[in-house]
Amino acid sequence: MSIDWDNLGFDYIKTPYRYISVWKDGQWDEGKLTEDNTLNIHEGSAALHYGQQCFEGLKAYRCEDGSINLFRIDENSKRMNRSARHLLMAEVPEEKFIQAVEEVVKANEEFVPPYGSGATLYIRPLLIGIGEGIGVHSAPEFLFTVFCMPVGAYFKGGLTPTNFVVSDYDRAAPHGTGSIKVGGNYAASLLPGEKAKEKHFSDCIYLDPTTHTKIEEVGSANFFGITKDDRFITPLSPSILPSITKYSLLYLAEHRLGMEVVEEDVYLDSLSKFKEAGACGTAAVISPIGGIQTFDEFHVFYSETEVGPVTQKLYNELTGIQFGDVPAPDGWIRNIK
Ligand SMILES: *Cc1c(COP(=O)(O)O)cnc(C)c1O
């Protein structure tokens, strides 16, 4: 195995083992690790036709002592079950979810990048509706799988700021599926994302679907801004995916950095109150936003080339906790040997 840990992007890499379990006749089977990275499912599977599927994303972090940290995995389990309930899918018990992730990480241990490389093991739990069907109703069976791969930066640049463009498409509706982690939201974001990349932006920023005047999120990461008077502000909306990273930063900004933190509307015409801005998520970690192309201007925050000092502090605190270098708030870290 020859992996260049320092130059990993965010791409699929086959690791030896994945976990798979099937729900049928009202219960989950025991689940097992397999080396087969393909799924053989019924052609009428509801996941394929009607988008009855949801997923999660979390990471395993190699610590200096060689052990491995999982970050707030219970929150991923709770969120996946919220998604499952919304889409009428069988829930995965928290113990089963955690056991599956731990088994996959341990089985693929040699793919957990070394401490100090900055790379991590990205873990993808996936829940899909399978089995015979074609009518529009919930699937008779469900498949839960967890696989993983080593990854580096999600937005190329890492802690170097990148630019974003405001989209005139919506990814989710106010009373729709924006707040759950489902593939359908991503299907809706492919075309806008492609258009943004054609114009050399990292991705687009979605606005509130009702008035198109407020920032919602980046489509795979939440938005935050630091005001000139050092407040941490992040948008509040029912169609934003509640990012575990975002809620962690809200806590850390308040309790570790002593900042005032606010969830509120972030109007596009009020960007000048921010001295720094960023996108945050498990994959994106904290990606500083250099500038945003709005409908009528290109607004630069701190700098197009350098990360701002508050963003840097938040990054150090968050990643310090994840890699085991900074004490974690109670219950945030699960250390596996
Ligand atoms: C997963 C996701 C995020 C980030 O959430 P984390 O829990 O921080 O990883 C943000 N936005 C969307 C749309 C997502 O699917």
Side-chain angles (χ1 to χ4, degrees), residues 10 51 53-61 69-84 86-87 97 101 120-127 146 148-149 151 153-155 164 167 169-174 176-193 196 202-209 215-225 232 234-253 263 266 277-287 289 311 314-315 317-319 321-322 329 331-334:
F10 199 85
Q53 68 87 249
C54 62
F55 67 97
E56 275 302 322
L58 68 158
K59 284 173 169 175
Y61 306 83
N69 274 351
L70 295 172
F71 181 72
R72 307 193 77 177
I73 182 174
D74 54 316
E75 294 293 332
N76 291 100
S77 167
K78 288 187 183 83
R79 187 170 64 190
M80 195 176 83
N81 283 337
R82 255 199 332 270
S83 301
H86 193 124
L87 298 189
F97 183 94
V101 169
T120 51
L121 187 77
Y122 184 73
I123 303 156
R124 172 53 61 84
L126 174 71
L127 177 64
V146 178
C148 66
M149 70 216 67
V151 298
Y154 183 77
F155 294 118
F164 291 78
S167 181
Y169 290 90
D170 299 323
R171 61 177 278 282
T177 54
S179 65
I180 56 172
K181 205 166 178 75
V182 299
N185 296 337
Y186 281 81
S189 76
L190 292 177
L191 176 64
S202 272
D203 205 340
C204 44
I205 289 194
Y206 294 96
L207 303 180
D208 72 293
I215 288 185
E216 293 244 297
E217 65 165 310
V218 175
S220 56
N222 279 185
F223 174 91
F224 69 86
F232 179 98
T234 183
L236 189 60
S237 154
S239 43
I240 291 177
L241 193 280
S243 154
I244 296 162
T245 314
K246 191 262 297 289
Y247 283 108
S248 304
L249 292 178
L250 274 167
Y251 180 90
L252 296 174
E263 284 183 274
V266 174
C280 64
T282 299
V285 195
I286 293 181
S287 300
I289 299 177
T311 306
L314 285 165
Y315 179 89
E317 192 69 24
L318 176 71
T319 58
I321 289 169
Q322 291 169 332
W332 280 23
I333 292 291
R334 235 183 129 82

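Counting starts at 1 for both ligands and their atoms, in listed order.
Tyr251 is linked by a ring-ring contact (aromatic ring centres under 6.0 Å, His included) to His255, Trp332, counting only residues two or more places apart in sequence or in another chain. The ring-ring contact (aromatic ring centres under 6.0 Å, His included) check on Tyr169 picks up nothing, with sequence neighbours excluded.
Contact residues for ligand 1 (protein heavy atom closer than 4.0 angstrom to any ligand atom): Arg79, Arg171, Lys181, Tyr186, Glu217, Gly219, Ser220, Ala221, Asn222, Leu241, Ser243, Ile244, Thr245, Gly281, Thr282.
The aromatic ring centroids of Phe55 and Tyr186 lie less than 6.0 Å from each other.
Distance check, rounded to the nearest 0.5 Å: CD of Glu56 to CD of Glu75 gives 10.0 Å.
Residue pairs meeting the side chain to side chain donor-acceptor pair (under 3.5 Å) criterion with at least one member in residues 235-244, sequence neighbours excluded: Glu216-Ser237, Glu216-Ser239, Ser237-Ser239.
The closest side-chain donor-acceptor pair between Asn222 and Thr245, if any, does not fall under 3.5 angstrom.
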